[in-house]
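For reference, the structure discussed in these notes is given below.
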Amino acid sequence: MALDKKDIAKRIAKELKDGFYVNLGIGIPTLVANYVPKGIQVEFQSENGILGMGPFPYEGEEDADLINAGKQTITSLPGASFFDSAMSFGMIRGKHVDLTILGAMEVSDKGDIANWKIPGKLVKGMGGAMDLVASADNIIVAMMHVNRKGNSKLLSKCTLPLTGLRCVKRIVTELAVLDITSQGFLLVERAPGVSIQEIKEATAGKLEIPAVVPEMQF
Amino acid sequence: MALDKKDIAKRIAKELKDGFYVNLGIGIPTLVANYVPKGIQVEFQSENGILGMGPFPYEGEEDADLINAGKQTITSLPGASFFDSAMSFGMIRGKHVDLTILGAMEVSDKGDIANWKIPGKLVKGMGGAMDLVASADNIIVAMMHVNRKGNSKLLSKCTLPLTGLRCVKRIVTELAVLDITSQGFLLVERAPGVSIQEIKEATAGKLEIPAVVPEMQF
Amino acid sequence: MINKTVHSVKEALEGVSSGMTLMLGGFGLCGIPENAISELVRLGSSDLTCISNNAGVDDFGLGLLLQQKQIKTMIASYVGENAEFEQQMLSGELEVILTPQGTLAEKCRAAQAGIPAFFTPAGFGTEVATGKENRSFHGKNYVMEEAYQADFAFVKAWKGDVTGNLIFKGTARNFNPLMCGAAKVTVAEVEELVPAGELDPNQIHVPGILVNRIFQGQDYEKRIEQRTLRNI
Amino acid sequence: MINKTVHSVKEALEGVSSGMTLMLGGFGLCGIPENAISELVRLGSSDLTCISNNAGVDDFGLGLLLQQKQIKTMIASYVGENAEFEQQMLSGELEVILTPQGTLAEKCRAAQAGIPAFFTPAGFGTEVATGKENRSFHGKNYVMEEAYQADFAFVKAWKGDVTGNLIFKGTARNFNPLMCGAAKVTVAEVEELVPAGELDPNQIHVPGILVNRIFQGQDYEKRIEQRTLRNI
């Protein structure tokens with residue numbers, strides 16, 4: 001059965017490793033913070049200027065001067081630091097952030113990503129996404145495999161304006177975990193009960209299917 | 001009579017204006033801090049990372065963590081700030097420092113300056129001098145008009161490796177105050193009792209002499 | 001000690017006129033120069049180019065200038081919180097230049113620090129790189145970006161002293177320190193203005209040399225855009 | 001909370017080997033990583049390229065590495081305090097690359113911040129610009145400079161916490177913050193190592209993400225080069 005958003009977040013959380021600094025995008029990626037595996041230490045960076053971001057505040061504790069990149073009130077953990085936006089993106093461009101998790105509208109089988117602009121629709125802006133995807137060595141995309149019309153969002157070539165070129169490393173969708181390789185999308189895991197056939201039909205780009213494709217473990 | 005080093009510093013101090021941030025080089029420029037005109041406020045920047053530099057400490061007050069660019073122990077004044085070297089040179093390159101006063105081995109009548117290297121002799125390095133001269137809009141050079149052999153150091157072309165190109169605005173020597181103009185060195189003032197002829201003989205570069213050349217006032 | 005204090009927001013904004021390019025600190029509504037924005041509305045200067053990470057919301061922050069149609073060009077990284085903005089952009093009244101957030105920050109910092117141009121990987125291979133120099137260093141591709149040039153920078157700090165030294169709190173820091181000294185005139189408003197010597201010189205975020213005018217701000221609303229709470 | 005603490009200088013320098021490029025913080029003898037330098041002497045690694053604003057004095061700071069002839073190439077802005085240095089430079093044993101101080105700082109900062117190259121006016125028209133791209137922006141001439149690439153950065157801070165957050169004191173800050181994260185591995189030694197949460201998150205000069213290893217330094221001499229006093 002296809003995963004829900006929480007399950008996608010849960011699966012991505014398994015990619016977290018001890019000592020990782022992680023930047024989480026808005027949407028499904030934000031949920032990843034709820035599923036950090038036991039026994040490992042990670043720190044969350046928010047590009048508006050905090051490292052060591054904690055959970056949302058309790059009522060009465062919220063502070064207008066302490067928000068995340070989604071403009072939500074947050075808290076800070078012991079060992080946290082605040083800094084300006086040049087330092088924040090210095091961390092990102094300088095590859096000091098170990099893992100970036102973000103959403104996408106389309107991903108190509110070369111690792112291109114489109115997630116900021118739909119021609120003809122209102123453009124909100126790329127925020128920090130272009131800096132993040134151009135810089136990180138380790139980018140995981142959390143996205144739906146198909147759009148509401150049932151069309152694949154995993155393409156041979158993105159149709160929307162790009163956010164970044166050849167940058168995505170891994171994709172987790174409601175159907176599968178896929179890596180970007182020189183052969184295109186490599187099917188790594190499938191969601192529990194989802195058939196390879198379903199994934200094949202939902203993937204428009206080049207799909208490499210190994211002999212054995214295990215089901216995701218949570 | 002030709003000025004001594006203290007008098008050169010005194011004359012340069014008259015160039016300080018209320019509200020100026022000033023960077024003083026090593027040697028004669030350092031002495032300028034002793035002659036700030038009454039009634040004006042200036043702040044001294046030292047490129048190793050302090051703004052609001054104060055006088056040398058009293059015995060027992062010296063702090064190994066508080067030095068100037070000449071590695072001398074210093075103090076800080078109320079309103080001072082400490083910062084890193086990138087911020088410090090950001091201030092300099094960004095033209096936030098209003099006046100730079102430094103020494104020179106040679107200056108050309110185009111405003112070129114040489115003050116860091118004598119071929120065949122030990123090279124100590126340019127330190128921050130190249131950043132300072134390339135950035136400041138307002139550079140005053142404190143120097144001797146002639147070298148120990150009696151040869152002019154105000155030339156039509158520098159013979160030593162350059163520190164910066166077309167950057168010097170004003171020169172104060174033991175004999176005169178001169179500005180760099182499109183006509184070469186413009187004689188602005190002469191030291192008390194020094195004749196125009198003496199200055200002419202001591203200047204190898206192109207020298208423009210106005211009808212009236214007042215004596216320096218202290 | 002050089003005193004940068006001005007005694008009113010009116011005095012602080014002296015010299016602002018229509019057609020100018022302004023930098024405004026803040027991320028969303030966090031750390032925005034509320035007093036300066038109010039005064040800009042009162043002044044009514046028009047045809048402004050505003051460089052700011054966001055464009056406020058309909059009735060607060062830069063949204064107030066948009067309501068009055070004072071902004072001609074908006075340079076920002078994300079403008080999604082503002083219906084008035086959308087309407088003016090779609091009608092062609094408002095020109096929008098979208099810039100990656102890190103590039104926006106670095107272009108301000110470059111202006112502050114006298115760096116005319118630098119290379120960044122952000123936007124390579126996208127429409128953001130169109131018309132800009134692309135170059136490879138050590139096998140990776142970069143885009144050349146130039147420093148901003150602005151007339152005024154308006155920033156908001158938590159504490160400041162009369163010499164212009166500034167200290168920020170939490171994530172209200174964001175773009176504010178980078179815009180100081182990045183324009184011809186930098187105006188800082190602070191929640192608390194203290195005498196020289198009260199702030200620890202080791203803990204100054206922005207040295208006063210980068211600030212031209214400082215004033216004690218008033219009536220800060222500090223509106224929260226997304227009040228998000230944890231259940232007890 | 002990610003813990004960066006290592007329990008000895010020996011552990012802190014694990015992986016250092018001959019032929020590497022090292023960054024070392026400090027201005028003169030102010031803010032130099034004394035413990036790391038001692039350990040480098042003990043390790044005896046040779047053919048090192050050292051990036052540091054100065055080269056120490058004969059018997060302290062980088063002078064200790066020069067005595068042992070461990071340095072092959074010195075990248076600095078000013079090296080005038082060191083007779084051993086002079087002798088090795090004149091004999092050709094030591095290669096010296098002199099770099100304007102602001103450019104040195106910015107090349108470190110660029111490495112930290114993922115900026116591969118930038119333009120600076122420093123050195124235009126001088127031998128420093130030889131072989132580098134020159135370019136004019138808005139009528140002024142600039143030189144293109146590239147970020148440094150280094151294997152280890154050794155810095156010294158006043159206080160630090162176990163997550164690697166650093167705070168500096170006075171002018172001992174200098175190049176130290178810029179070298180953090182500018183090399184593959186950054187090693188910070190501190191006068192006082194405190195638990196996470198003891199330092200004010202508003203007042204961190206270097207966030208721990210830029211530091212790979214941190215340790216409590218010992219026996220700081222903090223030698224003064226030019227003890228200059230005022231008469232009472």
Side-chain angles (χ1 to χ4, degrees), chain B residues 46-50 53-76 80 82-93 95 112-114 116-117 122-136 161-167, chain D residues 27-31 53-55 76-81 86 89-90 96 98-106 108-110 112 120-128 140-143 158 168-178 205 220-232:
Chain B
S46 192
E47 65 266 28
N48 58 315
I50 175 174
M53 180 168 49
F56 299 126
Y58 291 116
E59 187 164 2
E61 282 184 351
E62 67 271 28
D63 179 351
D65 292 331
L66 187 41
I67 63 170
N68 66 15
K71 281 98 177 177
Q72 296 170 306
T73 44
I74 52 161
T75 57
S76 66
F82 303 119
F83 35 81
D84 66 47
S85 304
M87 172 58 93
S88 184
F89 283 91
M91 287 176 194
I92 290 166
R93 267 193 320 263
K95 297 179 183 291
D112 301 342
I113 179 172
W116 76 285
K117 186 176 182 179
L122 179 69
V123 179
K124 295 188 170 186
M126 70 291 280
M130 282 194 183
D131 306 272
L132 282 159
V133 301
S135 307
L162 292 184
T163 309
L165 214 60
R166 295 168 187 267
C167 51
Chain D
F27 181 97
L29 302 179
C30 184
N53 189 56
N54 310 90
S77 87
Y78 192 82
V79 294
E81 295 95 349
E86 176 174 353
M89 186 165 70
L90 292 175
V96 181
L98 290 167
T99 303
Q101 194 176 145
T103 301
L104 189 80
E106 197 65 15
C108 294
R109 192 261 174 191
Q112 175 190 76
T120 174
F124 177 81
T126 77
E127 63 183 59
V128 163
K140 181 166 171 148
N141 295 307
Y142 296 86
V143 182
W158 180 41
F168 302 88
K169 178 169 151 271
T171 56
R173 195 180 316 184
N174 55 66
F175 288 81
N176 284 298
L178 313 171
H205 294 139
Y220 283 105
E221 180 178 338
K222 296 177 75 167
R223 196 187 290 187
I224 294 175
E225 250 174 292
Q226 304 283 344
R227 188 178 306 269
T228 312
L229 300 173
R230 186 170 19 158
N231 294 325
I232 298 181

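The chains referred to below are lettered A, B, ... by the order of the sequence lines, with proteins before strands, and numbering in each begins at 1.
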Top residue by heavy-atom pair count (under 4.5 Å) with chain B, among D:Ala172, D:Pro100, D:Ala55?
-> D:Pro100
So which part of B:Val123 gets closer than 4.5 Å to some heavy atom of chain D, the side chain, the backbone, both or neither?
-> both
Is the side chain of D:Thr171 donor-acceptor paired with the backbone N or O of B:Ile67 at a distance under 3.5 Å, no angle test?
-> yes
B:Ala134, B:Pro161, B:Ser85: which one forms the most heavy-atom pairs within less than 4.5 Å of chain D?
-> B:Ser85
Hey, could you give me the OG1/NZ distance between D:Thr228 and B:Lys71, rounded to the nearest 0.5 Å?
-> 12.5 Å
Close side-chain approach of D:Gln101 and B:Phe89, heavy atoms under 4.5 Å = yes
Flag if over 12 foreign heavy atoms under 6.0 Å of CD, B:Glu59 = no
Sort out for me which of D:Gly31, D:Pro121, D:Ala76 touches chain B most, counting heavy-atom pairs under 4.5 Å.
-> D:Pro121
Run the salt-bridge test on D:Arg109 and B:Asp84 with the 4.0 Å N-O cut-off and return the result as yes or no.
-> no
What residue in B:Ile92, B:Leu122, B:Leu165, B:Leu66 has the most heavy-atom pairs under 4.5 Å with chain D?
-> B:Leu122
Whatever's closer than 4.5 Å to a heavy atom in chain D on B:Thr163 counts as backbone
Spacing of B:Met126 atom CE and D:Leu98 atom CG [to the nearest 0.5 Å] | 5.0 Å
Could you go through the side-chain contact (heavy atoms from CB on, under 4.5 Å) check for D:Lys169 and B:Asp63 one step at a time?
-> CA-CA 10 Å; D:Lys169 178 169 151 271; B:Asp63 179 351; 3.0 Å; yes
Okay, D:Asn231 and chain B: the region with an atom under 4.5 Å from a heavy atom over there is backbone
Taken to the nearest 0.5 Å, the spacing of D:Thr126 OG1 from B:Met130 CE works out to 3.5 Å
Check whether any side-chain N or O of D:Arg230 sits under 3.5 Å from a backbone N or O of B:Tyr58 as a donor-acceptor pair, and report yes or no.
-> no
Measuring heavy-atom distances to chain D, does B:Ala114 have an atom under 4.5 Å in its side chain, in its backbone, in both, or in neither?
-> neither
If you round to the nearest 0.5 Å, how far is CZ of D:Phe27 from CG of B:Asn68?
-> 8.0 Å
Taking all non-hydrogen atoms of both residues into account, name the closest pair between D:Lys222 and B:Ala64 and its distance.
-> O-CB, 3.3 Å
Could you tell me which portion of D:Glu86 (side chain, backbone, both or neither) has an atom closer than 4.5 angstrom to a non-hydrogen atom of chain B?
-> both
Taking all non-hydrogen atoms of both residues into account, name the closest pair between D:Ala122 and B:Asp131 and its distance.
-> CB-OD1, 3.3 Å
Measure the CG-CZ distance between B:Asp65 and D:Arg173 for me, rounded to the nearest 0.5 Å.
-> 12.0 Å
Euclidean distance, B:Phe83 CZ relative to D:Asn174 CG, rounded to 0.5 Å = 11.5 Å
Can you see which heavy atom on B:Arg93 is nearest to which on D:Gly102, and at what distance?
-> NH1-O, 3.7 Å
The single option from D:Arg227, D:Gln226, D:Glu225 that satisfies side-chain contact (heavy atoms from CB on, under 4.5 Å) with B:Gln72 is D:Gln226
Given D:Leu104, D:Asn54, D:Leu90, D:Asn141, the one with more heavy-atom pairs under 4.5 angstrom with chain B than any other is D:Asn54
Option in D:Gly80, D:Gly170, D:Gly28 with maximal non-hydrogen atom pairs under 4.5 Å from chain B = D:Gly170
Of all of B:Ser76, B:Ala80, B:Ala69, which one pairs up most often with chain D through heavy atoms under 4.5 Å apart?
-> B:Ala69
Which atoms of B:Asp112 come close to chain D, meaning under 4.5 Å heavy atom to heavy atom: side chain ones, backbone ones, both, or neither?
-> neither
